**Q** 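First, the structure itself, so that you have it in front of you.
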Amino acid sequence: MRLLKFYQSSIGKKIVAAVTGAILFLFLVAHMLGNLKIYSGAEKIDAYSLHLRTFMEGFFGFGGFLWIARVVLLVAVVLHITSVVLLIRQNRQARPIRYRRKRRFATSIAALSMILTGPWILVYIVLHILQFTTGTLQPTPFKETPQGIGAVYFNLWNAFQVWWIAALYVVSMAFICLHLYHGLWSMFQSVGWNNPDRNRNVRLFATISSIALFLGFSSVPVLVWADVVPPPAGQDGTVVVEKVGVESPALVAEGQDSRD
Amino acid sequence: MKYTLHIWRQESPSAKGDFVSYIVDDISPDSSFLEMMDLLNEQLIAKGEDPVTFDSDCREGICGSCSMVIDGRAHGPGHGCTTCEVRMRSFRDGDHIYIEPFRSAAFPLIKDLMVDRSAFDRIIESGGYVTVHSGPKPEPNSLPIPHAVAEHAMDAAECIGCGACVAACPNGAAMLFTSAKISHLGLLPQGEPEHDTRVVGMVHQMEQEGFGACTNHAECQDACPKGISISFISRMNRAFAKATLREPDQRRGTMSNQ
Ligand code: HEM
Ligand code: FES
């Protein structure tokens with residue numbers, strides 16, 4: 001009952017958007033740090049991917065921990081979007097007649113474009129999962145390890161050989177980070193943790209985190225595309241590999257070799 | 001100085017409105033915006049036309065009556081001033097000036113530039129009061145208030161309730177007004193007994209009136225003639241979350257339920 005009353009007000013929805021946004025932000029930080037393992041080589045990043053599934057395997061089973069994290073993130077995404085959609089609806093109704101002369105003085109491009117960067121992120125997340133997690137979309141060669149999970153280094157390296165895939169990732173990261181540039185400051189304000197003494201630091205935190213996330217995430221597509229990251233074992237960068245099916249026994253065996 | 005004014009004219013709440021252009025000449029740069037409007041109205045009356053309806057009272061920035069959106073800015077150019085405090089020297093000779101009413105679903109238009117802001121009064125009625133001792137006058141110094149706290153409360157109490165925050169907010173939200181009113185009482189010991197019911201009651205009424213939600217653009221703070229800070233909104237959010245989620249103090253009538 002109390003929760004319902006809380007959520008009925010726009011302040012409640014705003015706080016739910018802020019808390020779920022914070023959860024998603026923490027996920028992004030972890031995800032980016034994971035991605036940086038690509039610079040330690042194929043073995044390290046593929047082992048990390050496996051580790052995410054074997055973490056606390058004794059208790060949760062193979063991939064169990066990862067599934068719990070996925071459910072938490074999915075719930076956060078659903079609550080985040082539901083809350084902001086309800087808020088946007090309320091806001092549309094609050095100004096039925098618009099100004100002919102509309103000018104803005106204090107807000108930022110990031111704040112004004114939340115409603116555009118948000119849906120872009122949603123589309124991006126779906127495509128991204130279909131490409132690298134499930135392998136449903138395979139514009140470039142894709143293979144799995146014997147454990148039936150994507151061979152991270154191989155898949156990333158091949159995907160980002162294609163300039164427009166790399167570019168699409170960089171643009172999407174720019175949008176996510178623009179969303180966060182406003183969102184990370186906004187969430188402190190929304191939950192009531194902002195005040196004049198703290199505001200400067202909160203702004204600084206939002207600026208630094210969003211720029212750091214952008215650089216960390218987009219370095220991977222850029223450096224792979226620029227041939228700074230070496231090709232996976234058994235593949236040389238200049239040859240365009242033809243599309244290989246997931247079931248290809250030769251590649252599965254090869255994937256195994258590179259791990260041993 | 002000479003200006004071309006494009007003013008929103010609307011006969012009645014239900015009539016269709018539109019911009020009508022007027023040229024005003026021989027305006028002193030030192031006249032106030034409302035004096036310029038008065039001159040226009042005198043001309044209109046002389047021509048037998050309907051003068052432009054707008055709100056004003058004190059004409060010195062303290063009553064909060066005047067309410068126009070001038071060239072896309074609530075209260076017009078400058079910081080920390082109401083429409084009545086704007087001087088015509090803020091415009092250049094020959095400028096086109098667009099004048100619109102405050103736009104909000106919760107501020108229904110009455111005529112031309114005049115809107116009904118009684119939604120604010122209803123928000124105040126839902127919690128903007130304190131319990132007072134009704135016996136002999138209490139000794140003033142019996143309730144010491146630290147200077148910093150008194151000043152902080154005064155910063156919030158500066159709100160004149162003009163509604164510029166609503167007019168300037170891209171979402172038509174009344175968060176700055178409501179949070180200022182909640183804070184100026186809530187920060188003081190006199191406002192302590194109703195602290196939680198005040199926050200819940202006033203926020204609830206604000207939503208009922210059809211105001212929008214905050215998305216932290218800070219346009220309200222920029223437009224506020226009294227420079228009220230959005231930190232009061234942050235404070236209100238925290239107070240609202242605490243007041244709604246905390247176990248209720250009110251146990252009367254439910255004590256025999258267990
Ligand atoms: C990685 C995913 C995401 C992260 C980390 C994230 C983060 C955030 C944060 C921290 C806020 C500020 C919340 C507040 O102050 O109340 C926010 C607000 C918002 N988010 Fe997201 N978000 C994500 C995905 C999305 C998606 C998929 C949508 C699409 C519908 C979306 C739409 C919005 C909107 C419209 C706002 C409100 C903007 C405002 O207050 O002006 N977000 N987000
Ligand atoms: S007329 Fe009183 S504030 Fe402008």
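Note that the structure is a prediction, hence the values are computed from the model and not measured. Proteins get letters first, then strands, A, B, ... in listed order; numbering begins at 1 in each.
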**Q** Can you tell which of B/Arg73, B/Arg235, B/Glu209, B/Gln221 has the highest number of heavy-atom pairs within less than 4.5 Å of chain A?
**A** B/Arg73

**Q** In Å, rounded to the nearest 0.5 Å, how long is the span from CG of B/Leu109 to CD1 of A/Ile97?
**A** 7.5 Å

**Q** Quick check: closest heavy atoms across A/Tyr99 and B/Arg103, and the distance to 0.1 Å?
**A** OH-N, 3.0 Å

**Q** By a 4.5 Å heavy-atom criterion (distance strictly below it), what part of B/Phe211 contacts chain A: side chain, backbone, both, or neither?
**A** backbone

**Q** Is any side-chain heavy atom of B/His217 less than 4.5 Å from a side-chain heavy atom of A/Leu112?
**A** yes

**Q** Which pair of non-hydrogen atoms, one from A/Ser9 and one from B/Phe240, has the smallest distance, and what is that distance?
**A** OG-CE2, 3.1 Å

**Q** Taking atom CD1 as the centre, does A/Ile109 end up with more than 12 heavy-atom neighbours from other residues, nucleotides or ligands that are less than 6.0 angstrom away?
**A** no

**Q** What verdict does the side chain to side chain contact (heavy atoms under 4.5 Å, CB included) test give for A/Lys14 and B/Thr215, after you've listed the backbone C-alpha separation in whole Å, the side-chain angles of each residue and the deciding distance to 0.1 Å?
**A** CA-CA 8 Å; A/Lys14 195 71 192 144; B/Thr215 50; 4.3 Å; yes

**Q** Using side-chain heavy atoms (C-beta onward) and a distance below 4.5 Å, is A/Val191 in contact with B/Asn237?
**A** no

**Q** Identify the heavy atoms of A/Ala106 and B/Ala218 that sit nearest to each other, and give their distance.
**A** CB-O, 3.3 Å

**Q** At what distance, to the nearest 0.5 angstrom, does CG of B/Asn171 lie from CZ of A/Arg95?
**A** 8.0 Å

**Q** Is it the case that A/Arg100 places NZ or CZ above or below the six-membered ring of B/Phe19, under 6.0 angstrom from the centre and within 45 degrees of the axis?
**A** no

**Q** If I measure from the heavy atoms of chain A, does B/Glu219 come under 4.5 Å with its side chain, its backbone, both, or neither?
**A** both

**Q** Ignoring hydrogens and geometry beyond distance, is a side-chain donor-acceptor pair present between A/Gln90 and B/Glu207 at under 3.5 Å?
**A** yes

**Q** Side chain, backbone, both or neither: which part of B/Cys169 has an atom under 4.5 Å from a heavy atom of chain A?
**A** backbone

**Q** Could you have a look at A/Asn194, A/Asn195, A/Leu87, A/Asn199 and say which one has the most heavy-atom pairs with chain B under 4.5 angstrom?
**A** A/Asn194

**Q** What part of A/Gln189 gets within 4.5 angstrom of chain B, counting heavy atoms only: side chain, backbone, both, or neither?
**A** both

**Q** For the CZ atom on A/Arg89, are there more than 12 heavy atoms of other groups (residues, nucleotides or ligands in this structure) within a distance under 6.0 Å?
**A** no

**Q** Is B/Ala167 in contact with chain A via its backbone, its side chain, both, or neither, using a 4.5 Å heavy-atom distance?
**A** both

**Q** Looking only at heavy atoms, which two atoms of A/Arg104 and B/Pro170 are closest? And how far apart?
**A** NH2-CB, 3.7 Å

**Q** Mind listing the closest non-hydrogen atom pair of B/Val200 and A/Lys5 along with its distance?
**A** CG1-NZ, 3.6 Å

**Q** For residues B/Asn216 and A/Ser186, report the shortest heavy-atom separation together with the two atoms involved.
**A** ND2-OG, 2.6 Å

**Q** Run the side chain to side chain contact (heavy atoms under 4.5 Å, CB included) test on A/Ser10 and B/Met175 for me, step by step, so that the C-alpha distance in whole Å, both residues' side-chain angles and the decisive distance to 0.1 Å come before the verdict.
**A** CA-CA 10 Å; A/Ser10 72; B/Met175 298 283 172; 3.3 Å; yes

**Q** Could you look at B/Ile230 and say if it's the side chain, the backbone, both or neither that has a heavy atom under 4.5 Å from chain A?
**A** both

**Q** Count the heavy atoms belonging to other residues, nucleotides or ligands that lie under 6.0 Å from CH2 of A/Trp225, then report whether that count exceeds 12.
**A** no

